[in-house]
Amino acid sequence: MTKTAPTTTRGHQGLTSALGHQDLTRLMALMTGDEKHGPAATSTLDALWVLYDRVLRVTPETARAPGRDRFLLSKGHGPMAYYAVLAAKGFLDEELLPGFGSYASPLGHHPDRMLVPGAEIGSGSLGHGLPLAVGTALGLRAQGLTGPRVWVLVGDAELDEGSNDEAIAYAGPAGLEQLHTLVIDNASATHLRPGGIASRFEAAGWSAGTVDGRDHDALYAAFTAPHPGRPRAVVARVEPKDA
């Protein structure tokens, strides 16, 4: 796995910091309390970092710009990694992290788009993020905004929700090239799928690939692989013992 060098970011209070992948464990450790859903968070950490560090075209300054890339966290019940990455990239102040989950904190057990800078959706019940991402891609297309890309992170067990079947079945034939789905596969699904998760997307006309969810270079290559005329799905496998 290639280590990513620290990057310089500027927070909302104007404080400049240089934080990299090596800082994420420390940032996550600041978030204490009950209902942390640790495995759900740690399994997403590397994939989230590669997205925000090397792929997504969005910054704290462009978080509401029409031309930004959109990232939707559907797997929202383990947001610690997401908050840590947002803090490392300057979307929110590190000082907010110790209050995670407390009554007065904007950092809830599910992200709230009205309270968390950079969050595109408020999550809750599983299975909604991918349909919302399909709608977002359709909305961008209707506005003639062909540059922004839409990314949604879902869990393997979340794919058991029927709303995802409908979204997957629709997006392929609709040719939603701007749509990208990142599936974190930490073997938490009750029902296994013949041929694996990627084959489910491919059968619906998607471009799909499966990679090691801890390998930064493999993640980056999968995230940036060309897929003209088709939506893209990347399945990031994370061993349960490492999740």
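When each of D185, I184, T181, D156 is paired with V235, the side chain to side chain contact (heavy atoms under 4.5 Å, CB included) condition holds for D185 and for no other. Remark: of the listed residues W151, F223, F201, W151 is the sole one forming a ring pair (Phe, Tyr, Trp, His ring centres under 6.0 Å) with H180.
For R68, the CZ atom counts as densely surrounded, since its 6.0 Å shell holds more than 12 non-hydrogen atoms of other residues, nucleotides or ligands. A 6.0 Å sphere centred on CZ of R26 holds more than 12 heavy atoms belonging to other residues, nucleotides or ligands.
Taking the side chain as every heavy atom from C-beta outward, I121 and L73 never approach each other to under 4.5 Å. Residues P117 and L86 are not in side-chain contact: their nearest non-hydrogen atoms beyond the backbone lie 4.5 Å or more apart. Looking at L176 and V150, their side chains never come closer than 4.5 Å, going by heavy atoms from C-beta outward. Residues R70 and P148 meet the side-chain proximity criterion, which asks for heavy atoms closer than 4.5 Å. Under the 4.5 Å side-chain criterion, counting only non-hydrogen atoms from C-beta, S43 is in contact with K75. Using a 4.5 Å cut-off on side-chain heavy atoms (C-beta onward), L92 and L97 make contact.
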Donor-acceptor list for residues 133-142 side chains, cut-off 3.5 Å, not counting sequence neighbours:
unit_1 : atom_1 : unit_2 : atom_2 : d
T136   : OG1    : L132   : O      : 2.8
R141   : NH1    : A174   : O      : 3.3
R141   : NH2    : A174   : O      : 2.9
R141   : NH2    : G175   : O      : 3.0

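Residues passing the salt bridge (Lys or Arg N to Asp or Glu O under 4.0 Å) test with R149, sequence neighbours excluded: D69.
Considering every non-hydrogen atom in both G118 and A63, the closest pair reads CA-CB, 4.5 Å. The shortest heavy-atom contact between G108 and P79 is O-CG, 3.7 Å. When all heavy atoms of R214 and V238 are compared, the closest pair comes out as NH2-CG1, 3.5 Å. Nearest heavy-atom pair, N164 versus P131, reported as atom, atom and distance to 0.1 Å: OD1-CD, 3.9 Å.
If you take CG on L30 and CD on E95, they are separated by 9.5 Å, rounding to the nearest 0.5 Å. With rounding to the nearest 0.5 angstrom, the CG atom of L130 is 11.5 Å from the CD atom of E161. A distance of 8.5 Å separates CZ in R54 from NE2 in H216, rounded to the nearest 0.5 Å. Once rounded to the nearest 0.5 Å, the distance linking CG of L24 with CE of M80 reads 11.5 Å. Distance check: L115 CG to L107 CG gives 9.0 Å after rounding to the nearest 0.5 Å. To the nearest 0.5 Å, the span separating CG on D165 from CG on D160 amounts to 9.0 Å.
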| task | Starting from the C-alpha separation in whole Å, work towards a yes-or-no answer on side-chain contact (heavy atoms from CB on, under 4.5 Å) for L219 and W49. | result | CA-CA 10 Å; L219 286 165; W49 176 255; over 6 Å; no
| message | Show, in sequence, the C-alpha distance, side-chain angles and deciding distance for E120 and R113, and conclude whether the side-chain contact (heavy atoms from CB on, under 4.5 Å) test is met. | response | CA-CA 6 Å; E120 294 284 353; R113 74 178 187 88; over 6 Å; no
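Using a distance-only test at 3.5 Å, with no hydrogens or angles considered, a donor-acceptor pair links the side chain of S102 to the main chain of G99.
Taking a cutoff of 4.0 Å between a charged side-chain nitrogen and a carboxylate oxygen, R237 and D215 do not qualify as a salt bridge.
Ring orientation note: the planes of H110 and H77 are tilted relative to one another, at an angle of 30° to 60°. Ring-plane geometry between Y82 and F71 is classed as tilted, the angle between the planes lying from 30 to 60 degrees on a 0 to 90 degree scale.
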